[in-house]
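Take a look at the structure set out below.
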Amino acid sequence: MRKISKLMVAAAMLGVFGWTSASNARFVASAATAQGATKSQEVVVKIDNFSFMPHDIMVAAGTTVIWVNNDDIPHTVVSTSDVFKSKALDTDDKFSFKFDKPGTYEYFCSIHPKMTAKVIVQ
Amino acid sequence: MGKIITENLNNDGVDRRGFLKCMAWAGTGTLCLIQGGILKSFALSEVANMDQSKMKGDLSFVQISDSHIGFDKAANPDVTATLREAIAKINGLNQPPAFVLHTGDLSHLSKESEFDTLDQTLKSIHTEKIFYVPGEHDVLNDNGEQYRERYGKGSLGDGWYSFDQKGVHFIGLVNVMNLKAGGLGSLGKEQLEWLEHDVKSLKSSSPIVVFAHIPLWSIYPEWGWGTDDSAQALSYLKRFGTVSVLNGHIHQVMQKVEGNVTFHTAMSTAFPQPQPGTAPSPGPMKVPTDKLRGLLGLTNVNFVRGKHTLAVVDSTLQE
Ligand SMILES: [Cu+2]
C-alpha cells in the first residue's frame with residue numbers, strides 16, 4: 001500500500017514539473033506548440049564526462065534550457081541561488097527550465113560539486 | 001612499491017615529511033603491513049608463503065564498497081553477480097570477519113528496489129553485523145531519508161556514529177551531504193563538533209578506525225576525490241597512536257601512511273574507475289570482460305593488539 005501511494009505521488013510530481021525524460025518530452029512538445037509567432041526557443045546543454053557542455057551559455061529571456069545527461073553516472077542541475085533544482089538525472093534523462101528574467105544563473109551538480117556552469121539570460 | 005613524495009602539493013594542513021605512498025592501482029592484490037610505523041607491502045603471492053600465524057589478528061573485519069546496485073551499463077551489466085562473488089570470497093576467508101563495513105554507494109540511484117536487492121544479497125555474508133556509511137548515490141532526491149531509515153538506525157545527524165570492538169574505536173562519518181558548488185566532500189560543522197567530543201575521553205593509546213565514503217585525504221581534487229574539511233577532522237585524531245582511515249568512492253586501491261595515520265581506499269564490487277587524470281572523467285571504466293574481475297574486490301583488515309599492527313589485504317575477485 002505504501003509503495004503504491006509513493007508511486008502515485010511521484011507520478012503527480014512528474015506531471016507538474018517535468019522531471020523525467022518522458023515528461024520532458026511532453027514539456028518540450030507543449031512549449032513548441034505554444035510558441036507560435038513568439039521567439040521563445042530551446043537550447044540544449046549536454047552533460048558529458050562530468051561537465052556541462054557548453055559550459056556557459058548566453059540566451060535571450062524566454063529561452064528554455066534543456067539539460068541531457070549522456071554519462072553512465074547520475075548528475076543533477078541545481079541553481080546556487082535556489083532558482084531551479086532537478087532530481088538526479090540517470091543516463092539520457094532530461095531536465096528543463098524556462099528562463100524568463102535576465103540575469104546570471106550559476107548552477108552545479110549537487111552530486112559532483114566540482115561540476116559548475118552558468119546560464120546568462122539577456 | 002613505496003614512493004617518497006617530497007613536495008606538499010595539497011594545502012590540507014597535513015605534514016608531508018616522510019610521506020610514504022604505497023599504491024596498488026590494480027591487479028593481483030597487495031598486502032600492506034604496518035609495524036612500528038613502517039609500512040611493508042607484499043604481493044599476495046608472497047603472502048601465501050609467509051607464516052600465517054603471524055598474520056592473524058586480534059580483530060579481523062572486511063570492508064566492501066561501491067556495490068552500485070542498479071547500475072547496468074557496459075562497464076558491468078551485472079553488479080549483483082560481482083557482489084555475490086565478493087561475498088563468496090568473504091565466506092571463504094580463513095578467519096571469518098567479526099563484521100563487515102560497507103563504505104557507501106550501496107545503490108546506484110537510491111531506489112527502494114536497489115536497496116532491497118542489496119539487503120537480499122548481503123544476507124548471505126557469514127558475519128555478525130554489517131555497518132554502513134552512505135555514498136552520494138545513496139542520498140539522491142531525499143536528503144538521505146531513506147538511507148537513514150534503512151541503514152542509519154541509532155546514528156546521529158546525517159548518519160554518523162561510533163562503536164567499540166575489542167578495544168578498537170570505530171567511527172563512521174558522512175561526507176556526501178550538503179555539498180557546495182565548486183567544493184569536495186564535506187563533513188560539516190555539526191559532525192566535526194560531534195567527532196571532537198566523541199574521541200575526547202579516549203586514551204591516546206586506543207586504536208582508531210575511521211570510515212567514510214569519499215576519501216578523507218586529497219587524492220585528486222580535480223575529480224572531487226577529497227574532503228574539504230578532512231584536515232579539521234584529522235586534527236582531533238593527532239594524539240592517537242594508531243589511526244586507520246578507510247574510504248571508497250574512487251573504485252581502486254590507494255594507500256598512504258602519514259605519521260600515525262594510514263589512509264586506504266578500497267576497490268568497488270561493481271566497476272573500476274580510471275587512475276587520477278588518465279581519462280577525461282572519473283566515470284565507469286570499461287575494460288575487457290576477462291579483465292573486469294581483476295579490478296573488483298574487497299579489503300580484509302587484521303588488527304594485532306599490543307603490537308600496533310594493522311594489516312590491510314586487498315584481494316580482487318579474480319587473480
Ligand atoms: Cu554530477
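Residue numbers start from 1 in every chain, and the chains themselves are labelled A, B, ... in the order their sequence lines are given, proteins ahead of strands.
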Go through the atoms of [X] and report whether side chain, backbone, both or neither lie under 4.5 Å from a heavy atom of chain B.
{"X": "A:D72", "answer": "both"}
{"X": "A:T91", "answer": "side chain"}
{"X": "A:T80", "answer": "side chain"}

> Crowded around B:K111 NZ? As in, over 12 foreign heavy atoms under 6.0 Å?
Replying inline: no

>> Can you tell me if A:D82 has over 12 outside heavy atoms packed within less than 6.0 Å of its CG?
In response: no

Find the distance between [atom1] ([X]) and [atom2] ([Y]) and round it off to the nearest 0.5 Å.
{"X": "B:L140", "Y": "A:S110", "atom1": "CG", "atom2": "OG", "answer": "8.0 Å"}
{"X": "A:D93", "Y": "B:L109", "atom1": "CG", "atom2": "CG", "answer": "8.5 Å"}
{"X": "A:K114", "Y": "B:Y220", "atom1": "NZ", "atom2": "OH", "answer": "11.0 Å"}

> If you count heavy-atom pairs under 4.5 Å between each of B:P284, B:A75, B:G224 and chain A, which one has the most?
Replying inline: B:P284

> Can you name the residues of residues 178-193 of chain B that have some heavy atom under 4.5 Å away from a heavy atom in chain A?
Replying inline: B:L179, B:K180, B:A181, B:G182, B:G183, B:L184

> Quick one: what part of B:H108 sits under 4.5 Å from any heavy atom of chain A, side chain, backbone, both or neither?
Replying inline: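 Contact with chain A: backbone and side chain both.
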
>> Between A:I73 and B:H137, is there a side-chain heavy-atom distance shorter than 4.5 Å?
In response: yes

Enumerate, atom names and distances included, each donor-acceptor pair closer than 3.5 Å involving a side-chain atom of residues 45-55 of chain A, sequence neighbours excluded.
| unit_1 | atom_1 | unit_2 | atom_2 | d |
| --- | --- | --- | --- | --- |
| A:N49 | OD1 | B:S281 | OG | 3.1 |
| A:S51 | OG | A:D48 | O | 3.0 |
| A:H55 | NE2 | A:T116 | O | 2.8 |

